[in-house]
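Computed from a prediction, not measured in an experiment: that's the story for all the values here.
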Amino acid sequence: MIDKIYCAEIKPEMERQRIKLAGWVYRKREIKDKVFIVLRDSSGIIQIVFKEELSKEAYGKARKVGIESSIIAEGVVKPDPRAPGGVEIQGDRIEVISNVEFFPITKDASEEFLLDVRHLHLRSPKVAAIMKVKATLMQAAREWLLQDGWYEVFPPIFLTAAVEGGSTLFKLKYFDKTAYLSQSAQLYLEAAIFGLEKVWSLTPSFRAEKSRTRRHLTEFWHLELEAAWMDLWDIMKVEEELVSYMVQRTLELRRKEVETFRKDLTTLKNAEPPFPRISYDEAIDILQSKGVQIEWGEDMGADEERVLTQEFDRPFFVYGYPKHIKAFYMKIDPEDERKALAADMLAPEGYGEIIGGSQREDSYEKLVQRIIEEGMDPKDYEWYLDLRKYGSVPHSGFGLGVERLVAWVLKLDHIKWATLFPRTPARLYP
RNA sequence: GCCGCCGUAGCUUAGUCGGUAGAGCGCGCGGCUGUUAACCGCGUGGUCCCCCGUUCGAGCCGGGGCGGCGGCGCCA
């Protein structure tokens, strides 16, 4: 590792100090006997001036270097009001590690082109800022989970057939058998709670749906929690505490990056427990009062959800959905057989669902009945049903879409910007 | 699966009535006493997505195909 300092570490107080930098040429401007190079590294940018009078050799090399070339430069710190950021480097040495003739990304690139050259786009400070925020959100999640006593587990990604509507699963050859890519670790986490009680996992999930929306990817990162002895209300508390900690911690550690994407931090700052809780019934009432055409029993579509999220200035829960629009493994509300003990967490500002959670059906008989009702075969769920045969307990869990959370936190217009190499029905490369 | 839109230079695009395909950016050369995605001048660069048809002549009109984008459904 070379002995260099980061661009962001350079401060006006370091005047006259000699320093070494390594990074990439972000901008270059030539004026008569000077070359201005704005150098970029993972921390930020700094301007280096190469003057012919200071070093003819360095000046000559700097003149020839192309955008995005990798270089090592040396010089002296000099505060200057004309420099971006108020400080610059008077450069007298430059070593060109790898020169670039021409860099494909220029100022008029379309979003589509940027995705075509995503491997090169990743070096932009804006993308780096998103990835830093994503990393910090997950760091915060780990901090919270650790201090609250949750065990991280590592569930399988290869699955056998028939879990929750096979049409959304990616199919692949597994020697002489057929396997599917996991779309949720949930069933496996449910098995894990019998030994560990409170477990979580972070895995990729795959959905073979040709969804063309700003909140769907075919591959996304899924943070899932499952806990024994918790009912729906317990798990909702976990959800709001976790999300709140992730958001507040990120505001603390990554304020600068967050602010480059959103000016108004209100909804983030408001994300403190308790989050508002409204029932599905209340949600329908609100929508009907807003003139939305929706009847009790119908699922909320994207349009309805958007209207609802605009009624809130922080994340909120909708609980008590009709059972027929929810998954078979969710427990039926004993006080109202039409409903499932399910709750979604929706982000405000039009973002909508970031968490789907529920209390799970823990009775063997009822679960078998639900599987049959949904037109599925209990034989396909033998091991899962076993969990209800041998020491079944009340338990609950949820799944959080990591990219969806990032998209809301940074007010991104599409969750694909929250991932390194987005996978959509049409995009598998790069 | 359904609805809508779009394919012209490396990128972003203009292209009138069907008549030799134009610009900006990038890149190259030159200029400029401190630039801020610098600026100025000159130069460089085309399978007009593909096929078929109409026509003396198609980027433009007609038919078919392929690819992509936006939205819905599905969901995290």
**OP:** Looking at every strand, decide which applies to A:Q90 at a 4.0 Å heavy-atom threshold: base, sugar-phosphate, or nothing.
**Re:** base

Subject >> A:F220 side chain, from C-beta outward: closest of B:G34, B:A76, B:G73 >> reply: B:A76

**OP:** Using only side-chain N and O atoms of A:K32, determine if any of them is under 4.0 Å from OP1 or OP2 of B:C32.
**Re:** yes

**OP:** For A:E101 and for A:M300, locate the closest nucleotide of RNA chain B by heavy-atom distance; then report the residue assigned to the nucleotide nearer the 5' terminus.
**Re:** A:E101

**OP:** Identify whether any heavy atom of A:E30 sits under 4.0 Å from a base atom; if not, whether one sits that close to sugar-phosphate; answer base, sugar-phosphate or nothing.
**Re:** base

**OP:** Looking only at side-chain atoms of A:D303, point me to the closest of B:C72, B:C69, B:A37.
**Re:** B:C72

**OP:** For the side chain of A:A302, starting at C-beta, report the closest nucleotide among B:C75, B:G1, B:C72.
**Re:** B:C72

Original post:
Are side-chain heavy atoms of A:Y188 and A:L159 found at a separation under 4.5 Å?
Top reply: yes

**OP:** Check if the side chain of A:S211 and the base of B:C74 share a donor-acceptor pair of N or O atoms closer than 3.5 Å.
**Re:** yes

Subject >> Given B:U35, B:C72, B:G70, the nucleotide with the shortest approach to the side chain of A:R306 >> reply: B:C72

**OP:** Once you apply the 3.5 Å cut-off to both distances, tell me the Watson-Crick or G-U wobble partner of B:G73, or none.
**Re:** none

**OP:** Give a yes or no on whether the backbone of A:Y6 and the side-chain of A:S43 come within a donor-acceptor separation of less than 3.5 Å.
**Re:** no

Original post:
Of the candidate nucleotides B:G1, B:C69, B:A76, which contains the atom at the shortest distance from the side chain of A:R404?
Top reply: B:A76

Original post:
Ring stacking, A:F102 with base of B:G26, under 5.5 Å and under 30°?
Top reply: no

**OP:** Among B:U12, B:G26, B:U35, find the nucleotide with the atom closest to the side chain of A:D108.
**Re:** B:U12

Original post:
Taking the same atom, P, in B:U13 and in B:G31, what whole-Å distance lies between them?
Top reply: 35 Å

Original post:
Any idea which of B:G34, B:G70, B:C25 is nearest the A:K416 side chain?
Top reply: B:G70

Original post:
Phosphate oxygens OP1/OP2 of B:C69: is one of them under 4.0 Å from a side-chain N or O of A:R212?
Top reply: yes

Original post:
A:T106 has a side chain; which of B:C74, B:C25, B:G34 sits nearest to it?
Top reply: B:C25

**OP:** Evaluate the side-chain proximity of A:F206 to A:F220: yes if any heavy-atom separation is below 4.5 Å, no if none is.
**Re:** no

Original post:
So what does A:P84 hit on the nucleic acid, given a heavy-atom distance under 4.0 Å: a base, only sugar-phosphate, or nothing?
Top reply: base

**OP:** Searching all strands shown, indicate the nucleotide that pairs with B:G45 (Watson-Crick or G-U wobble; both distances under 3.5 Å).
**Re:** none

Subject >> Ring-face cation of A:K171 near A:Y180 (centre distance under 6.0 Å, axis angle within 45°) >> reply: no

**OP:** Mark yes or no for a side-chain to base donor-acceptor pair under 3.5 Å between A:R207 and B:A76, with no hydrogen or angle criteria applied.
**Re:** yes

Subject >> Expected output: side-chain A:S69 to main-chain A:V25 donor-acceptor under 3.5 Å >> reply: no

Original post:
If you look at every strand shown and take non-hydrogen atoms under 4.0 Å, does A:R214 touch a base, only sugar-phosphate, or nothing?
Top reply: sugar-phosphate

**OP:** Under 4.0 Å between any heavy atoms, over every strand shown, what does A:G66 touch: base, sugar-phosphate, or nothing? Just pick one.
**Re:** nothing

**OP:** Using the P atom as the reference point in each nucleotide, state the distance between B:C42 and B:C25 in Å, no decimals.
**Re:** 12 Å

**OP:** Indicate whether OP1 or OP2 belonging to B:C72 is found under 4.0 Å from a side-chain N or O atom of A:R215.
**Re:** yes

Subject >> B:G22 - base-pair partner by Watson-Crick or wobble geometry, distances under 3.5 Å >> reply: B:U13

Subject >> d(CG, A:L217; C1', B:C74) in whole Å >> reply: 14 Å

Subject >> Over 12 non-hydrogen atoms of neighbours within 6.0 angstrom of CD in A:E57 >> reply: no

Subject >> Beyond-backbone contact of A:I71 with A:W24, side-chain heavy atoms, under 4.5 angstrom >> reply: no

Original post:
Looking only at side-chain N and O atoms, does A:S110 come under 4.0 Å of OP1 or OP2 in B:U12?
Top reply: yes

Subject >> RNA chain B: 5'-proximal contact among A:E88 and A:K28 (nearest heavy atom) >> reply: A:E88

Original post:
How would you label the contact of A:I31 with the nucleic acid (heavy atoms, under 4.0 Å): base, sugar-phosphate, or nothing?
Top reply: base

Subject >> B:G34 and B:G71, which share atom name C1', separated by this distance in whole Å >> reply: 49 Å

Subject >> Side-chain donor/acceptor of A:Q47 to base of B:U35, under 3.5 Å >> reply: yes

Original post:
Do A:K210 and B:G73 have a side chain to base donor-acceptor pair shorter than 3.5 Å?
Top reply: no

**OP:** Measure from CG on A:L400 to P on B:C75 and round the result to the nearest Å.
**Re:** 17 Å

